[in-house]
Amino acid sequence: MLKRTHTCGELRDDHVGETVILNGWVNSYRDHGTGLIFIDMRDRYGLTQIVFDREDADQSLLDAADTLRNEDCVAIKGTVRVRDGGPNPKLATGTVEVVVVELEVLAKTENPPFLPGEKGSLPSEDRRLRYRYMDLRRPEMQRILTIRHRTSQFARRFFDDRGFLEIETPMLTKSTPEGARDFIVPSRLQPGSFYALPQSPQLFKQILMISGFDRYIQLPRCFRDEDLRADRQPDFTQIDLEMSFVDRDAVLEIMEEFAVGLWKSELGVDIPPVQRMTYKHAMETYGSDRPDLRFGLELVDVSDLAAKTDFKVFTGAIEKDRGCVKVIRVPGGAAKFTRKITDGYTEFVKQFGAGGVPTAKVNDAGELETGIAKFIEPIKSELIERLGLEPGDSVFFGADTRGTVNRALGELRLKIAKDLEMIPEGAWAFCWVIDFPMFEWDEETKRFYALHHPFTAPTPEQTDEFMACDITDVDAVESILSSGYDLVVNGSEIGGGSIRIHRREIQKKVFDLIGMSKEEANAKFSFLLEALSYGAPPHGGIAFGLDRLVMHLSGTESIRDVIAFPKTQTGSDMMCDAPSAVDEKQLAELFIASTWEPEEG
RNA sequence: GGGGCGGUAGCUCAAUUGGUUAGAGCAUCGGACUGUCGAUCCGAAGGUUGCGGGUUCGAUUCCCGUCCGCCUCGCCA
């Protein structure tokens, strides 16, 4: 076969006169008949125009060229020359062309389901997933997967430079309680027992610290059997690391350096120092633990004012346990919100548990115009002052328990920003969210859950307080802050971690507090408790979601675009048709039988 | 498990209040053409309107069910 001397993105004016060989695909052809055919050849480096010209080619070559079609895989040999017809500014190679003297058709194509070239519009996603090899020929997909590659390489180089060791951890491991649902794998050698695929290498990396490896990095595949979303796949990749003899700030600093370096090298963007925000502030001001700081629309607490009204929606909310009334002020919103839009917002917030979202606007006279004006009248001037209201503004009220108000207004805040196109193009708003509560009380199950995970240490300041606290005292337990941290960019959590518990008695107390019996703790985590009793170093770390990182760097909205072979919302791989049934024999070897029965009808 | 949107030619889309033979662009096939670069021009072929049922004289259109895809709530420590 003709082996390439250059790629299809390489040839320039200074190659003119050289004999070259190109390998690639027919991206498009322009057949002028009787001896003049142009073909754009494509590989992952670019496009090059090749030309079959009767002045330079015999009839058999022209006849062969005449049969070429889009997506045929070909090799050509020819001479680089300046284009007769003038340059094509759209192509990097646009000033030259290769006049072909030899053609080798490496493989003809059937009529493809769609063309990866620029022609036509993007096929529906299920077509793209079904014919993924064709979709991945698209330059855009190759661009994204190249960014993914460079991100991985950047991470490996960055952490290698700083003394981190890449160490692999098992894919067949132990099922853990809490957290997400595990994917389980039956053991043939031990009938009736099961491995789980790791949700993350959390415990293994802690054990590696206890083993003295000091600084660990891995790009592990992780598995969580939960429902999919635009940014969630059942198997995904982390940039996972752990460090010994560090405090929180040491981890934040090195990770910030990593993020800054990555954004600089991949996008040429300089990120300013990343601000830190407490969980409480994030929740109260942005209604979210992953605040999007690219725009304003902060939540303002007006509970004290609302209490002075006779509006039952307000007063009723305030009387609730942990009730409050908050407001979002939308500058200049009055002219933009129709009744239809605000009615839509009422429906929107209902899915987050809010009853509705009373609204008002400020008219040119500076008066509040609203269906609830008479209720607001007593607090009008205070409201205007606190919110800094000006003519033309709109305000939206949330009144309910604090959790519901924060959630509903936090989501509404995002929706308004999108609807009003308030999010600046190309902006990068990073922040660390810190000082999470260690635990959250769940009314339904009447127990505490670890907000991060149960290996997260309390803050150094509160460690003694934690060890002393009565685990039945909900208020006392909820006041304990953890050493956890999340890195958020543009309202998306891209990484999270913590300083871990490195003392056995603290770990035992956490298990105790989340309602795990001694027997269960021993069955699930005896190895950890044991390891913690043999001189475990203080340690902490973080895991970044590689997929989400690449989504941001490549500017795509779907996690499926940054994964070569992703799954659909129902967990199918549409190309190879996984998951699928297996032979009875395979099941028998594993002592497995399916209890699933198709529904009748 | 819940809510929403979608499924018509290989691909992307159209088809009036339910109405005669379901159209167009690209791709494919045949033909013309020597400077194109989304080549152009002429012609052809291409359909179980996702599937099943119902309403109707008549269904791509209305109704019910179902499958698939997407967004989302729950879920995701």
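The chains referred to below are lettered A, B, ... by the order of the sequence lines, with proteins before strands, and numbering in each begins at 1. Values below: every heavy atom of this structure, side chains too, minus hydrogens, waters and symmetry copies.
- Side-chain N/O atoms of Arg81(A) include none lying less than 4.0 angstrom from OP1 or OP2 on rG35(B).
- As the counterpart of rA44(B), rU28(B) is assigned, both hydrogen-bonding distances of the Watson-Crick or G-U wobble pattern falling under 3.5 Å.
- The side-chain tip of Arg447(A) points at the ring of Tyr449(A) from less than 6.0 angstrom away and within 45° of straight on.
- Spacing between atom CD of Glu444(A) and atom C1' of rC75(B) amounts to 12 Å, rounded to whole angstrom units.
- For the OP1/OP2 pair of rU36(B) and a distance below 4.0 Å, the side-chain nitrogens and oxygens of Arg30(A) include no atom meeting the criterion.
- Checked by distance alone, Gln351(A) brings no side-chain donor or acceptor within 3.5 Å of a matching partner on the base of rU72(B).
- The distance between atom CG of Asp227(A) and atom P of rC76(B), rounded to the nearest whole Å, is 10 Å.
- Applying the 4.0 Å criterion to OP1 and OP2 of rC73(B), one finds that Lys350(A) has every side-chain N and O outside that range.
- For Thr404(A), the side chain to side chain contact (heavy atoms under 4.5 Å, CB included) test picks out Ala354(A), Asp400(A), Thr401(A), with sequence neighbours left out.
- Put simply, Arg128(A) has no side-chain N or O that comes within less than 4.0 Å of OP1 or OP2 on rC70(B).
- Evaluation of the side chain to side chain contact (heavy atoms under 4.5 Å, CB included) rule for Ala476(A) yields Asp473(A) as partners, not counting sequence neighbours.
- Among the heavy atoms of the strands, none lies under 4.0 Å from Gly94(A).
- Ranking rC37(B), rC71(B), rA27(B) by closeness to the Gln49(A) side chain, first place goes to rC37(B).
- Applying the ring-ring contact (aromatic ring centres under 6.0 Å, His included) test to Phe204(A) and every residue at least two apart in sequence or in another chain returns nothing.
- Atom CG of Asp182(A) and atom C1' of rC76(B) are 12 Å apart (whole Å).
- In this pair, Phe436(A) and Tyr279(A) present their aromatic rings tilted. The plane angle is within the 30 to 60° band.
- Pairing for rC57(B) goes to rG19(B), judged as Watson-Crick or G-U wobble with the two contacts each under 3.5 Å.
- A sub-4.0 Å separation between OP1 or OP2 of rC71(B) and a side-chain N or O of Gln569(A) is present.
- Judged by distance alone with a 3.5 Å cut-off, a donor-acceptor contact links the side chain of Arg232(A) to the base of rC75(B).
- Counting atom types as modelled, Arg83(A) pairs a side-chain N or O with a base atom of rC37(B) as donor and acceptor under 3.5 Å.
- Of the side-chain N and O atoms in Tyr29(A), one or more sit less than 4.0 angstrom from OP1 or OP2 of rU28(B).
- For Asp58(A), the side chain to side chain contact (heavy atoms under 4.5 Å, CB included) test picks out Ser60(A), Leu61(A), with sequence neighbours left out.
- When rounded to the nearest whole Å, the span between CG of Asp289(A) and P of rC76(B) equals 14 Å.
- Dashed line: the shortest gap from a side-chain N or O of Thr570(A) to OP1 or OP2 of rC68(B) is not under 4.0 Å.
- OP1 or OP2 of rC29(B) lies within a sub-4.0 Å distance of a side-chain N or O belonging to Arg69(A).
- Atom CD in Glu226(A) sits about 14 Å away from atom P in rG1(B), given to the nearest Å.
- Only the C1' atoms considered, rA32(B) is 27 Å distant from rC11(B), to the nearest whole Å.
- Using a 4.0 Å heavy-atom criterion, one finds that Arg130(A) contacts no nucleic acid atom at all.
- Checking rU66(B) for Watson-Crick or G-U wobble geometry (two distances, each under 3.5 Å) identifies rG50(B) as its partner.
- Comparing the P positions of rC71(B) and rC29(B) gives a spacing of 35 Å, expressed to the nearest Å.
- Ser28(A) has no side-chain polar atom (N or O) that falls below the 4.0 Å cut-off from OP1 or OP2 of rG38(B).
- Using a 4.0 Å heavy-atom cutoff across all strands shown, Leu451(A) reaches sugar-phosphate atoms only and no base atom.
- Defined by atom type and a distance below 3.5 Å, a donor-acceptor pair is present between the side-chain atoms of Asp126(A) and Ser124(A).
- Of the charged side-chain nitrogens involved, none lies within less than 4.0 Å of a carboxylate oxygen, so that Lys508(A) and Glu505(A) do not count as a salt-bridged pair.
- Nucleic acid contact class of Asp53(A) (heavy atoms, under 4.0 Å, all strands): base.
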Short N/O separations, protein against nucleotides 7-14 of chain B, under 3.5 angstrom:
unit_1: rG10(B); atom_1: O2'; unit_2: Pro113(A); atom_2: O; d: 3.2
unit_1: rC11(B); atom_1: O4'; unit_2: Pro113(A); atom_2: O; d: 2.8
unit_1: rU12(B); atom_1: OP1; unit_2: Ser124(A); atom_2: N; d: 2.6
unit_1: rU12(B); atom_1: OP1; unit_2: Ser124(A); atom_2: OG; d: 2.9
unit_1: rU12(B); atom_1: O2'; unit_2: Ser121(A); atom_2: OG; d: 2.7

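- Protein atom CD of Glu347(A) is 14 Å distant from nucleotide atom C1' of rC73(B), rounded to whole Å.
- Judged as a ring-ring contact (aromatic ring centres under 6.0 Å, His included), and not counting sequence neighbours, the contacts of Phe352(A) are Phe348(A).
- The distance between atom CD1 of Ile39(A) and atom C1' of rU36(B), rounded to the nearest whole Å, is 12 Å.
- Phe38(A) comes within contact range of at least one nucleobase, with a heavy-atom separation under 4.0 Å.
- Counting any heavy atom pair closer than 4.0 Å across all strands shown, Glu97(A) reaches a base atom.
- For Phe396(A), the ring-ring contact (aromatic ring centres under 6.0 Å, His included) partners two or more places apart in sequence, or in a different chain, are Phe337(A), Tyr345(A).
- Side-chain atoms of Ser175(A) and Asp182(A) include a donor-acceptor pair closer than 3.5 Å.
- Listed nucleotides: rA27(B), rC76(B), rC37(B). Nearest to the side chain of Asn70(A): rA27(B).
- Annotation: side chain to side chain donor-acceptor pair (under 3.5 Å) contacts involving residues 37-53 of chain A, sequence neighbours excluded, comprise Asn27(A)-Arg42(A), Ser28(A)-Asp40(A), Arg30(A)-Asp40(A), Arg30(A)-Gln49(A), Arg42(A)-Glu71(A), Gln49(A)-Glu97(A).
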Using nucleotides 31-33 of chain B, report all nitrogen or oxygen pairs with the protein that are shorter than 3.5 Å.
unit_1: rC33(B); atom_1: N1; unit_2: His32(A); atom_2: O; d: 3.2
unit_1: rC33(B); atom_1: O2; unit_2: His32(A); atom_2: O; d: 3.4
unit_1: rC33(B); atom_1: N3; unit_2: Asp31(A); atom_2: O; d: 3.2
unit_1: rC33(B); atom_1: N3; unit_2: His32(A); atom_2: O; d: 3.1
unit_1: rC33(B); atom_1: N3; unit_2: Gly33(A); atom_2: N; d: 3.4
unit_1: rC33(B); atom_1: N4; unit_2: Gly33(A); atom_2: N; d: 3.3

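- Note on Arg229(A): a side-chain N or O is less than 4.0 Å away from OP1 or OP2 of rC73(B).
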